[in-house]
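All values reported here derive from a predicted model rather than from experimental measurement. Letters A, B, ... are given to chains in the order of the sequence lines, protein chains preceding strands, and every chain is numbered from 1.
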Amino acid sequence: MSGIADLPYRFEVTATTAEIRERFPALGPGEETGVMVSVAGRIMLSRPQGRFAFIELRDSSGTIQLFGVEGVARDLKQLGRLSLGDWIGASGEVVCTKRGELSVKVLDWVLLAESRRGLGDKWKGISDVELRYRHRELDLWVNEASRRKLRARSKMVSLLRTWLDKRGFIEVETPILHPVAGGALARPFVTYHNALGAELYLRVAPELYLKRLVVGGFERVFEIGRVFRNEGISPRHNPEFTMLELYQAYADYRDLMALTEELVAYLAQEITGSTRLIYADRIVEVGPPWRRATLYELVAENAGVDVSVKMPIERLRRIADDLGVPVEPSWGPGKVVLEIYEKTTEANLWDPVFVCDYPKEVSPLARQHRDDPVLVERFEAILVGRELANAFSELTDPDDQRTRFEAQMALRAAGDEEAMVLDEDYLRALEEGLPPTAGLGIGLDRLAMLLVDAQSIREVIPFPTLRPFHSSRSYGTGGALEDPSDRDRDVFEK
RNA sequence: GCGCCUCUAGCUCAACUGGCAGAGCAACGGACUCUUAAUCCGCAGGUUGGGGGUUCAAGUCCCCCGAGGCGCACCA
């Protein structure tokens with residue numbers, strides 16, 4: 001086999017394997033077409049047999065058999081000696097073998113890249129989850145289900161962009177490095193800018209910048225972007241995850257309920273072919289309309305107790321205690337009510353429901369409810385027992401916002417590391433004038449999980465966060481990378 | 001962060017109550033005129049995640065460390 005230095009710089013592909021199958025869906029055994037194609041991909045299986053060679057070639061669209069015949073294919077012997085995992089380009093005629101397999105009868109071929117490590121067991125592939133996530137490229141070659149999930153996610157995001165674009169939303173990109181991490185109750189990652197000599201935070205939400213753009217006259221904006229929260233890792237949490245946030249001027253949270261159910265139903269229909277999804281072996285119907293219910297109602301249904309933020313704190317604590325829900329002494333009524341809901345109710349909500357009207361105390365950026373001053377106009381969309389979306393009629397009053405920020409700062413001073421920091425730039429923007437606006441956030445990883453029936457968030461993230469690997473142990477190393485042969489060294493040192 | 005479980009050849013997995021670390025596939029060498037996880041012959045492959053301890057003897061029992069999975073906590 002020739003050296004790495006001889007590998008070509010490009011290869012002219014004239015057909016994908018899928019295109020060949022589309023064009024010749026029903027060739028009979030032994031038929032020839034006279035049609036010449038050039039295909040490229042990786043060798044997944046190889047069956048050299050004397051003066052023939054049968055090779056399964058896979059590209060991003062599918063697979064096709066390469067059929068090598070001595071005297072027809074260039075250097076059949078070498079063709080049959082290629083390893084599983086090698087990339088090759090091959091040109092030849094589309095034919096059907098005597099046994100009825102659609103094939104490319106190879107005339108010429110070229111090695112495009114060597115696979116020094118192989119692709120795992122050719123029948124069982126790889127299943128070690130750590131290997132799958134640390135070396136996702138292997139997983140993708142070997143496991144069809146992994147390819148399917150990541151492709152579906154990509155399609156979901158693409159459909160989402162188009163859908164929002166059609167409704168007049170414009171896409172923007174706001175800063176990821178924040179001088180203060182605002183817009184969500186979460187602990188941030190901290191970093192440092194040398195030239196500025198200043199600490200910066202990786203954003204926990206794009207919210208405040210997006211609303212400043214609404215102040216600037218972008219009446220419908222959205223951002224799809226990574227946010228970072230310094231929290232634990234679990235099958236439903238990755239430290240960096242992708243959020244859709246959108247803001248619509250002149251709208252309130254009821255408008256966003258309609259938007260949310262319509263959007264999710266559309267994505268489900270386009271990606272799975274139905275609004276009736278199967279998740280974790282259970283059916284969930286996401287077609288609109290979704291149920292709308294208040295947080296109080298749902299707690300009454302699921303925990304069998306009436307709660308209200310207006311109740312005396314002692315009474316709320318007693319209710320929580322009776323339900324076995326631990327509460328901190330520092331918590332106010334709103335936080336206790338929310339805690340009761342989260343511990344007793346949320347996980348039971350399988351079918352989609354808009355949980356409406358949250359305590360003001362726990363929603364520092366949401367606008368006071370028009371009918372109840374201790375609540376805000378906020379909803380969370382819950383599906384399969386999990387929060388999928390969070391939205392509210394935005395707080396537009398700068399004085400009220402300052403008061404809310406100050407309450408957050410008090411919590412922070414009392415040791416709550418997730419409490420918000422007062423953001424003067426944002427307050428100034430509100431003073432400049434934010435029209436009535438509704439805002440929505442959807443965790444896209446979670447949405448993708450729902451659509452592809454993934455039980456772990458890692459399945460829909462190409463490279464999920466894992467603990468850095470330090471020990472001398474290594475995965476799948478045959479020593480080749482650590483010990484390049486002399487033949488390859490000059491290439492590495494170029 | 002805490003609890004439980006897992007880690008054996010490149011991959012997928014065996015190895016009873018502690019008793020000589022094995023197989024299939026891959027890789028490597030060879031045979032084969034239509035294969036479909038081709039088949040056949042041959043060859044090689046390991047500090048059993050790392051370190052320490054108990055024992056005549058440790059993949060197996062004990063301790064420490066590392067990584068992963070699940071659950072709890074936190075959140076989306």
Exercise. Which value, in whole Å, describes the distance between the P atoms of nucleotides B/G18 and B/A57?
Worked result: 15 Å

Seminar exercise, completed: Closest heavy-atom pair, A/I382 versus A/E346, reported as atoms and distance to 0.1 Å, is CD1-OE1, 3.7 Å

Problem set entry | Nearest-angstrom distance, P atom, B/A27 to B/G10 | 15 Å

For this session: Classify the nucleic acid contact of A/G30 as base, sugar-phosphate or nothing, counting any heavy atom under 4.0 Å across all strands shown.
Result: nothing

Seminar exercise, completed: Picking from B/A76, B/U36, B/G69, the nucleotide nearest the side-chain atoms of A/T97 would be B/U36

Exercise. Atom CD of A/E137 to atom P of B/G10: distance rounded to whole Å?
Worked result: 18 Å

For this session: Could you tell me whether the phosphate oxygens of B/C70, OP1 or OP2, come under 4.0 Å of any side-chain nitrogen or oxygen in A/R458?
Result: yes

Exercise. Considering only the P atoms, how many Å lie between B/G24 and B/C7, rounded to the nearest integer?
Worked result: 22 Å

Exercise. Within the structure, does a side-chain N or O atom of A/R47 lie under 4.0 Å from either OP1 or OP2 of B/A38?
Worked result: yes

Seminar exercise, completed: Separation of B/C11 atom C1' from A/N143 atom CG, nearest Å, is 12 Å

For this session: With sequence neighbours excluded, give me every side chain to side chain donor-acceptor pair (under 3.5 Å) pair touching residues 381-393 of chain A.
Result: A/Y279-A/R386, A/E377-A/S393, A/R378-A/N390

Exercise. A/I457 near the nucleic acid: base, sugar-phosphate alone, or nothing, with a heavy-atom cut-off under 4.0 Å?
Worked result: base

Problem set entry | Distance in angstrom units between A/Y133 OH and B/G69 C1', rounded | 10 Å

Exercise. In which ranges does RNA chain B form stems of 3 or more consecutive Watson-Crick or G-U pairs, distances under 3.5 Å?
Worked result: B:1-7 with B:66-72, B:10-13 with B:22-25, B:28-31 with B:39-42, B:49-53 with B:61-65

For this session: State whether A/R467 places a side-chain N or O below 4.0 Å from either non-bridging phosphate oxygen (OP1 or OP2) of B/G68.
Result: yes

For this session: Write down the distance separating the C1' atoms in B/A44 and B/G22, rounded off to the nearest Å.
Result: 15 Å

Would you list the protein and nucleotides 24-28 of chain B atom pairs, both N or O, that sit under 3.5 Å from each other?
residue : atom : partner : partner atom : Å
B/G24   : N2   : A/D121  : OD2          : 2.5
B/A26   : OP1  : A/K122  : NZ           : 2.6
B/A27   : OP1  : A/L84   : N            : 3.4

Problem set entry | Interatomic distance at C1', B/C2 relative to B/A73, whole Å | 8 Å

For this session: Compute the ring centroids of A/F67 and A/F54, then answer whether they are less than 6.0 Å apart.
Result: yes

Exercise. Given the P atoms of B/C16 and B/G59, what is the spacing between them in whole Å?
Worked result: 12 Å

Exercise. From B/C13, B/G69, B/U36, pick the nucleotide closest to the side chain of A/S127?
Worked result: B/C13

Exercise. Under 3.5 Å, is there a donor-acceptor pair between the A/S83 and A/S115 side chains?
Worked result: no

Exercise. What integer number of Å spans the C1' atoms of B/U54 and B/C64?
Worked result: 15 Å

For this session: Tell me what A/N390 touches on the nucleic acid: a base, only sugar-phosphate, or nothing, going by heavy atoms under 4.0 Å.
Result: nothing

Exercise. When rounded to the nearest Å, what value does the distance between P atoms of B/U60 and B/C20 take?
Worked result: 14 Å

Exercise. Roughly, in whole Å, what's the span from CZ in A/R116 to P in B/C11?
Worked result: 18 Å

Exercise. In terms of the nearest nucleotide of RNA chain B, which residue is placed more toward the 5' end: A/K98 or A/E342?
Worked result: A/K98

Exercise. Do A/Y247 and A/E245 have a side chain donor and acceptor closer than 3.5 Å?
Worked result: yes

Exercise. Across the strands shown, which category fits A/E101 at heavy-atom distances under 4.0 angstrom: base, sugar-phosphate, nothing?
Worked result: base

For this session: Please report the closest heavy-atom contact between A/L7 and A/A113, naming both atoms and the distance.
Result: CD1-CA, 4.1 Å

Exercise. Between B/C74 and A/K343, is there an OP1 or OP2 to side-chain N/O distance shorter than 4.0 Å?
Worked result: yes

For this session: Under 4.0 Å between any heavy atoms, over every strand shown, what does A/P235 touch: base, sugar-phosphate, or nothing? Just pick one.
Result: sugar-phosphate

Exercise. Between B/A76 atom P and A/E240 atom CD, what is the distance in whole Å?
Worked result: 17 Å

Exercise. Which comes earlier along RNA chain B counting from the 5' end, the contact point of A/P239 or that of A/T465, where each point is its nearest nucleotide?
Worked result: A/T465

For this session: Determine which pairs satisfy salt bridge (charged side-chain N to carboxylate O under 4.0 Å, His left out) with at least one residue from residues 60-77 of chain A, sequence neighbours left out, and list them in order.
Result: A/R51-A/E70, A/R74-A/D108

For this session: Indicate, with a heavy-atom threshold strictly under 4.0 Å, whether A/G50 touches base, sugar-phosphate, or nothing.
Result: base

For this session: Please check the phosphate of B/C74 (OP1 and OP2 only) for any side-chain N or O of A/R187 closer than 4.0 Å.
Result: no

Exercise. Does any pair with a residue in residues 322-331 of chain A pass salt bridge (charged side-chain N to carboxylate O under 4.0 Å, His left out), and if so which ones, sequence neighbours excluded?
Worked result: none

Exercise. Does the side chain of A/Q455 come under 3.5 Å of the side chain of A/R236 through a donor N or O and an acceptor N or O?
Worked result: no

Exercise. Is the aromatic ring of A/F241 within stacking range of B/A76, meaning centres under 5.5 angstrom and planes under 30 degrees?
Worked result: yes

For this session: Applying side-chain hydrogen bond (donor to acceptor under 3.5 Å, both in side chains) between A/E394 and each of A/Q248, A/R367, A/K211, report the one that passes.
Result: A/K211

For this session: Provide, to the nearest angstrom, the distance between the CG atom belonging to A/L131 and the C1' atom belonging to B/A67.
Result: 13 Å

For this session: Grab the CD1-P distance between A/I55 and B/C34 for me, whole Å please.
Result: 16 Å

Seminar exercise, completed: Exactly one candidate in A/D86, A/L79, A/I64, A/L45 meets side-chain contact (heavy atoms from CB on, under 4.5 Å) with A/I55; the answer is A/L79

Exercise. Just checking A/E418: base, sugar-phosphate only, or nothing, at a heavy-atom cut-off of under 4.0 Å?
Worked result: sugar-phosphate

Problem set entry | No-hydrogen, no-angle side-chain donor-acceptor test under 3.5 Å, A/S127 and A/R132 | no

Exercise. Side-chain N or O of A/R134 less than 4.0 angstrom from OP1 or OP2 on B/G68?
Worked result: yes

Exercise. Using a distance-only test with no angle check, is there a side-chain donor-acceptor pair under 3.5 angstrom linking A/Y341 and A/E380?
Worked result: no

Can you give me the N/O atom pairs linking the protein to nucleotides 42-45 of chain B at distances under 3.5 Å, or say none if there are none?
none

Problem set entry | Nearest-Å distance for atom pair CD/P, residues A/E70 and B/C32 | 10 Å

For this session: Compute whether any side-chain donor of one residue and acceptor of the other, for A/D357 and A/Y253, lie under 3.5 angstrom apart.
Result: yes

Exercise. Would you say A/Q49 reaches B/C34's phosphate, i.e. side-chain N/O to OP1/OP2 under 4.0 Å?
Worked result: yes

Problem set entry | Greater than 12 external heavy atoms within 6.0 Å of A/R21's CZ | yes

Exercise. What's the closest nucleotide to the A/D128 side chain, out of B/G68, B/C70, B/U12?
Worked result: B/U12

